[in-house]
Amino acid sequence: MNPSQSGPRLDLPVFLPAFGIAILVASILVLLPQQAELWASQMMSFVTSQFGWLFVIFGFGTFVFALWLAFGRFGQVKLSRTDEPPEYSELSWAAMMFSAGIGIGLVSWSFVEPIYYLSTPPLHIEPHSARAAEWGHMYSLFHWSFVPWALYAVPSVAVAYMLYVRRRPFLRISEVCRPLIGRHAEGWAGKLIDTLIILGLIGGAGTSLGLGVPLVSALTTSLLGIEESLMTQLGVIGLWTLIFGASAYKGLKAGIRILSDINIYLAVLIVLVVLLAGPTVFILTLSANSLGLMLDNFTRISFWLDPVRQGGFPDAWTLFYWAWWIAYAPLMGLFFGRISRGRTIRQMVLGILLWGSLGCISFLSICGAYALELEISGVLEVSRLLGEKGIPATVVAIIETLPFSQLLLAAFTLLSFVFLATTLDSSAYVLASISTRNLSGDDEPAKANRLAWAFALAAIAIGLLFANGLDTVKSLTIILALPLTIVLFLLFRALLRILTNDFGHQVRKSSLVLQATNEES
């Protein structure tokens, strides 16, 4: 029987090692936290010092390649074999991408990231100066906009093309690389690629968990007026696991889409409240200034590595962010590709770039400007609070300065719960897809498989809670992102090859020559 004609079923050779890796990571975090942190820190220093140049070149190159896909000769290629309309409406499609693509990280960093840069600014700017405030606000927009979303867009096109144009029945990156590696996609090369994808995803999801669980716990305990403790944090993990476990169990249309739609409306409402309740003119002025500053310096900051003075800013921030996005890129490629049937390559790339960047820039510029205004005006010593009590307590304190603070605190708590759920149920969905054989674009992985991955990710969250291992996981994210650059490069080359083979004869030639007419001859 042709494998493509049999139904989807669990692929044990992929599932068992991958699931074992997830449980092993959680166990190491609990049993050997200090040793794991030391190893990870040493390896991270080596990767950032030796391969920082690779991350920035790869990030900017991916952005350029994404623009070429959108505006080049293959932009009009439809990601379907028929003239069917897109499977999801523009709003639901954008909502699912945005909610899965940024998750809890946006809520965690939106208020505090510019404050970090105010204290330790880029380009050796004087700390706590007016220039540090302007560049700090701009840099947070840069780290969450065009380059990161390009890293999501290109793999998404490749996955959607293989699923809906070539109709390959495997929702795996190894299958997307088949045009380049051929039959090796089914052998050791394919297994290696999928294993690296899973390792990167565990590192990326672990970072989101390490940021998200303490924040959600702090928001919940503050809202309920109780003291934060280990039991309350475990209670938060339990409730959150029920939410995203139920969503992963329901699948795309009945679970993830509904959560994502709720999240987008809630996020827009919160951002509008912060904008209107805060110093509106200052927020809009600083946001416009930052947008101009980013566009004016985009190339410079994309490649700035501080090689002579080595102040540490690119290593601690830009390289970490690029590694975090690279770690998530295959996952988001599989997820975005799965939900993008019926769109053209141009619509898909521009939709991901523009919707994703617009959402992040709106959220970060408004919330970040509000936090900066609190710091500058002296209403709240945000930088001191951040240094003494950390991100969760600082976010709570900033929200409490707004009108109707309890109502907003409840909204932020709900937003954080759902953002974390949508990121991790999409992670569980894709992990289940990778470990399922013969999964077509119309099928979904088994519910038991999705639930298994949901609870594996919850186990990592508990491990992080006991081990306080966020720094370790952040280090692992950078380390694991390094081999993923090779995997993504193979994917890009495979996409280019298959597009050229399938449509090279139909699209316009590189040059046009007017043929001689009878009158001229």
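In this text, all values refer to a predicted model and were calculated from it rather than measured experimentally.
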Q. Are F363 and W144 near enough that their ring centres are under 6.0 Å apart?
A. no
Q) Can you name the side chain to side chain contact (heavy atoms under 4.5 Å, CB included) partners of T500, sequence neighbours left out? A) R73, F74, L496
Q: Mind checking the CG-CD1 spacing from L54 to I486? Nearest 0.5 Å is all I need.
A: 8.0 Å
**Q.** Y321 side chain reached by W109 side chain, heavy atoms, under 4.5 Å
**A.** yes
Q. Is it true that a side-chain atom of R343 and a backbone atom of M348 form a donor plus acceptor pair closer than 3.5 Å?
A. no
(Q) Pair I498, M162 - check side-chain contact (heavy atoms from CB on, under 4.5 Å), show working. (A) CA-CA 9 Å; I498 199 167; M162 293 301 289; 3.7 Å; yes
**Q.** Positive for ring-ring contact (aromatic ring centres under 6.0 Å, His included) with W317, one of W324, Y117, W304
**A.** Y117
**Q.** Sub-6.0 Å ring centroid separation between F58 and F489
**A.** no
Q) Among L364, I398, V274, which residue meets the side-chain contact (heavy atoms from CB on, under 4.5 Å) test with S110? A) L364
**Q.** Sequence neighbours excluded, every pair satisfying ring-ring contact (aromatic ring centres under 6.0 Å, His included) that has a member inside residues 183-211
**A.** none
Q: Please examine the side chains of C360 and S145, heavy atoms only from C-beta on, and report whether any two atoms are closer than 4.5 Å.
A: no
**Q.** Minimal non-hydrogen separation, D194 against S174, with atom names
**A.** OD2-OG, 2.8 Å
**Q.** Derivation and outcome, side-chain hydrogen bond (donor to acceptor under 3.5 Å, both in side chains), residues E90 and W355
**A.** CA-CA 10 Å; E90 190 75 12; W355 281 120; 2.8 Å; yes
Q.
Using side-chain contact (heavy atoms from CB on, under 4.5 Å), reason through V147 and F298 one step at a time and then give a plain yes or no.
A. CA-CA 10 Å; V147 170; F298 185 75; 3.8 Å; yes
Q. When you check the side-chain N and O atoms of T344 and Q76, is any donor under 3.5 Å from an acceptor?
A. no
(Q) Working to the nearest 0.5 angstrom, can you tell me the gap between L163 CG and L334 CG? (A) 8.5 Å
Q | Qualifying residue for ring-ring contact (aromatic ring centres under 6.0 Å, His included) with W322, from F63, W53, F142 | A | F142
Q. Which atoms form the tightest heavy-atom contact between A494 and C177, and what is the distance?
A. CB-CA, 4.0 Å
Q.
I need the single residue from L386, V107, L215 that forms a side-chain contact (heavy atoms from CB on, under 4.5 Å) with V395. Which is it?
A. L215
(Q) I need the minimum non-hydrogen distance between W93 and I352, along with the two atoms involved. (A) CH2-N, 4.1 Å
Q) When you look at L331 and L431, which way does the side-chain contact (heavy atoms from CB on, under 4.5 Å) test go after all the steps? A) CA-CA 8 Å; L331 157 70; L431 284 166; over 6 Å; no
(Q) In this structure, is the centre-to-centre distance between the rings of W325 and Y328 below 6.0 Å? (A) no
Q) What's the spacing between L106 CG and E113 CD if we round to 0.5 Å? A) 9.5 Å
(Q) Show the nearest heavy-atom pair for residues A329 and L488, with the distance to one decimal. (A) CB-CD1, 4.1 Å
Q. So do the side chains of V382 and L118 get within less than 4.5 Å of each other, counting heavy atoms only?
A. no
Q.
Using every non-hydrogen atom in the two residues, find where V154 and L491 come nearest and quote the distance to one decimal.
A. O-CD2, 4.3 Å
Q. Do R338 and E87 pass the salt bridge (Lys or Arg N to Asp or Glu O under 4.0 Å) test, and can you show the C-alpha distance, the side-chain angles, and the key distance before you say yes or no?
A. CA-CA 10 Å; R338 168 64 182 82; E87 183 178 5; 3.6 Å; yes
Q | Side-chain (T120) to main-chain (Y116) donor-acceptor, under 3.5 angstrom | A | yes
Q: Kindly compute the distance separating OH (Y88) from CE (M96), expressed to the nearest 0.5 Å.
A: 5.0 Å
Q) Is any side-chain N of the basic residue among E186 and R178 closer than 4.0 Å to the acidic one's carboxylate O? A) yes
**Q.** Side chain proximity check, I478 to F320, heavy atoms < 4.5 angstrom
**A.** yes
(Q) Run F313 and Y139 through ring-ring contact (aromatic ring centres under 6.0 Å, His included) and show every step you take. (A) CA-CA 11 Å; F313 183 93; Y139 243 95; 5.1 Å; yes
Q: Test T48 against every option in L319, L482, I479 by the side-chain contact (heavy atoms from CB on, under 4.5 Å) rule and name the one that passes.
A: L319
Q: Could you tell me whether a side-chain N or O of N297 sits under 3.5 Å from a main-chain N or O of L293, the two making a donor and an acceptor?
A: yes
(Q) Test your reading of the model: is there a side-chain donor-acceptor pair from Q310 to the backbone of P307, 3.5 Å cut-off? (A) yes
Q.
Rounded to the nearest 0.5 Å, what separates atom CG in L123 from atom CG in D306?
A. 8.0 Å
Q: Go through V176 and L495 one step at a time and tell me if the side-chain contact (heavy atoms from CB on, under 4.5 Å) criterion holds.
A: CA-CA 8 Å; V176 180; L495 173 62; over 6 Å; no
Q.
In the structure I gave you, are the side-chain heavy atoms of Y161 and V77 within less than 4.5 Å of one another anywhere?
A. yes
Q) Just checking, any donor-acceptor pair under 3.5 angstrom between side chains of H137 and N289? A) no
Q) Does any N or O in the side chain of S340 come within less than 3.5 Å of the main-chain N or O of G337, such that one atom is a donor and the other an acceptor? A) no
Q.
Tell me the closest heavy-atom pair linking I115 and S383, and the distance in Å.
A. CG2-CA, 3.6 Å
Q. Atom CZ of R346 and atom NZ of K78: how far apart are they, to the nearest 0.5 Å?
A. 13.0 Å
